[in-house]
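Taking it in order: structure first as structure tokens, then the write-up.
Numbering of residues begins at 1 and proceeds along the displayed sequence.
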Amino acid sequence: MQLLRWFCLCLAIVVLSACASRPINARLDKADWQVGYRPHLMIPKRQNNELGTLFVMAFSGGGTRAAALSYGVLEELRRTEIVVNGEKRRLIDEVDLIAGVSGGSFTALSYALYGDRLFAEYEERFLKRNVQGDLLARTLNPFNWWRFVGGSAGRSDMAADYYDEILFNGATFADLLDKHDVPVAVATGTDLSTGSRLAFFQNDFDLLCSDLSKFRLARAAATSSAVPIVLSPITLNNYGGTCGFQYPDWVKAYVGRADASSVSGRPLRRYQEMEDFQNSSARPYIHLVDGGVSDNIGARGILEALEELSASAKFRGQVGFGVVREIVVVLVNSHSSPSVDADQRETPPGVVFQLLQSSGVPIDRYSFETVETMKDRAEITSWRRELMVANAILSGMTREQAEAKVPKITLRVVDVSFDAIGDRKEREYFMNLPTSFVLDPDQVDRLRAVAGKLLRQSAHYRAVVQRYGGTSGD
């Protein structure tokens, strides 16, 4: 008994006197559009890059379910042979950028770090590991409490250290700068105070006047998967407004800072968010949670980028995408729809059920609308060009001159989701997989297999493969 009292006393002293401080994100002295981890700098440097086509993927949130489904998609792209300029290649080598949210961010960031090595290690190091159990054990271990009790660090900072141990090995975004044989990977978090997205690439970190190159990949993944309440927010110092940030040309062309109130839509909203992040005097700290809170598909950033590119020809030239004539977007959506029996009973559901449904249902419906908006955008792109050509002809141009001025841009959207599974029992199986960071190895393998199956049965995907001179098997 005496020994136990001494142990408790020592433990209390450790907890109260050694509270951990969070890592401090580095300050950026001067925002430079031509330096750092930025898609417009990284994509043109990719090996064998075909600048006329931009190939983008979005990996949704959903814990290990999302990580495994997105990994299965990468496996299928790796298996698919295509022909480019008479040379056999793999379709995966054509991917330029991957936007990852929550569980999908682990696959995106890991592939950007390891490339083909991922296919030999990812299952053992992450997918088939009981990540959730390990994190819970560390949280309950009294000797770890000093790391997230009473200090500025939190449970997500402890999780980031764990992700470094099992997967990222302390790598930072600087370690991705010279990797030109893999896609650019962008993870996303959500500003807890405003609901705005903050993406982990230097363009967004310019808003905070912070240097992304020194930021750990593990901490970006921990931010993107920091489920509110279950995990703590990741806190960043905000130095916004101190590094000479200049608005990109799309803001000047579309929003018009002198009369921003007359503009509506996504560009104005994004412009307002950019201004808000730069106000470091009012917001010296930014608290970020799971990226799925603001965009569980990872496609909102892509939609905004399309708006920005279409808003200003000068901006397209500024980022080097003025030559893009085709955009391929693959949306890997691992959303679930677990069976519930609440409507079979007269008694109202309990508090836990209400909380889960109140957060999950809106996110799923918002995700559905995002996917549909992306598909609609593919149709709008075509008729908007025809309208612009018609207006140019009315102004006195010949059709040939008008079409040269308004080049045709094709947008192809491939939607990979469980909704496309024809067999009802199989669809229900995947829809009922939990959103957690632990699955049985068999569940992981079935997710990988169905990912390839869903891709191959997609008519839009088969069109993409044929466009690249390959064939997609059944």
Side-chain angles (χ1 to χ4, degrees), residues 20-26 37 58-63 66-67 98-110 112-113 126 131-132 135 139 147-148 152-168 170-176 184-208 210-240 273 277 283 285-298 300-301 363 435 437:
S21 297
R22 63 182 172 84
I24 303 299
N25 51 300
Y37 192 71
F59 293 166
S60 79
I98 303 175
V101 176
S102 195
S105 71
F106 287 88
T107 306
L109 291 170
S110 297
L113 179 63
F126 188 77
V131 173
Q132 186 164 295
L135 287 176
T139 301
R147 306 176 74 180
F148 57 87
S152 58
R155 295 184 302 280
S156 290
D157 292 290
M158 184 185 68
D161 291 341
Y162 171 71
Y163 301 148
D164 257 335
E165 291 176 22
I166 67 171
L167 189 59
F168 294 109
T172 66
F173 281 90
D175 294 307
L176 304 184
V184 178
V186 180
T188 305
T190 301
D191 182 346
L192 184 58
S193 297
T194 66
S196 303
R197 292 181 308 99
L198 185 76
F200 285 86
F201 68 131
Q202 190 57 57
N203 301 47
D204 271 15
F205 265 55
D206 281 354
L207 301 173
L208 308 182
S210 184
D211 185 357
L212 180 68
S213 67
K214 297 179 175 62
F215 205 91
R216 289 155 48 210
L217 302 184
R219 203 157 184 250
T223 302
S224 192
S225 57
V227 179
I229 301 176
V230 177
L231 291 165
S232 63
I234 289 284
T235 299
L236 303 184
N237 282 24
N238 185 9
Y239 316 107
E273 291 174 348
F277 278 125
R283 305 186 66 201
Y285 304 102
I286 304 296
H287 306 287
L288 300 174
V289 295
D290 194 318
V293 174
S294 58
D295 174 19
N296 200 43
I297 300 293
R300 281 284 159 181
I363 286 176
T435 300
F437 275 108

Electrostatic pair R216:D157 at N-O distance under 4.0 angstrom: no
- request: Enter the distance from S294:OG to L192:CG here, rounded to the nearest 0.5 Å.
  value: 11.0 Å
V293 vs P228 side-chain heavy atoms within contact, under 4.5 Å: yes
message: Taking ring-ring contact (aromatic ring centres under 6.0 Å, His included) as the definition, give me every residue that meets it alongside F173, ordered by chain and number, with sequence neighbours left out.
response: Y37
field: Side chain to side chain, F168 and F126, heavy atoms closer than 4.5 Å
entry: no
message: To the nearest 0.5 Å, what is the distance between CD1 on I286 and OG on S193?
response: 7.0 Å
- request: Could you grab the distance from atom OG1 of T188 to atom CZ of F201, nearest 0.5 Å is fine?
  value: 8.5 Å
query: Do the non-hydrogen side-chain atoms of L208 and L198 ever get within less than 4.5 Å of each other?
result: yes
message: Checking R197 now: which residues fulfil side chain to side chain donor-acceptor pair (under 3.5 Å) with it, not counting sequence neighbours?
response: E304
field: Distance (rounded to the nearest 0.5 Å) between F277 CZ and S196 OG
entry: 5.0 Å
statement: Smallest heavy-atom separation, R283 atom then D191 atom, equals NH2-OD2, 2.7 Å
- prompt: For the residue pair A185 and A108, what are the closest heavy atoms and their distance?
  reply: CB-O, 3.4 Å
query: For R219 and A160, which heavy atoms make the closest approach, and how far apart are they?
result: CA-CB, 3.9 Å
- line: All heavy atoms of S60 vs all of A66, minimum pair found to be O-CB, 3.3 Å
query: So do I166 and V131 actually touch side chain to side chain, heavy atoms under 4.5 Å?
result: yes
- prompt: Roughly how far apart are L167 CG and L113 CG, rounded to 0.5 Å?
  reply: 8.0 Å
- request: Search all heavy atoms of G103 against all heavy atoms of A67 and return the closest pair with its distance.
  value: O-CB, 3.5 Å
query: Would you call I24 and K214 a side-chain contact if the rule is heavy atoms closer than 4.5 Å?
result: no
message: For S213 versus Q202, what's the shortest heavy-atom pair and its separation?
response: N-OE1, 4.3 Å
query: Angle class for the Y163/F437 ring planes (parallel below 30°, perpendicular above 60°, tilted otherwise)?
result: tilted
query: Would a 4.5 Å heavy-atom cut-off, applied to side chains only, mark F59 and S102 as touching?
result: no
- prompt: With sequence neighbours left out, what residues match T223 under side chain to side chain contact (heavy atoms under 4.5 Å, CB included)?
  reply: F200, I234, L288
query: To the nearest 0.5 Å, what is the distance between CG (L135) and CE (M158)?
result: 6.0 Å
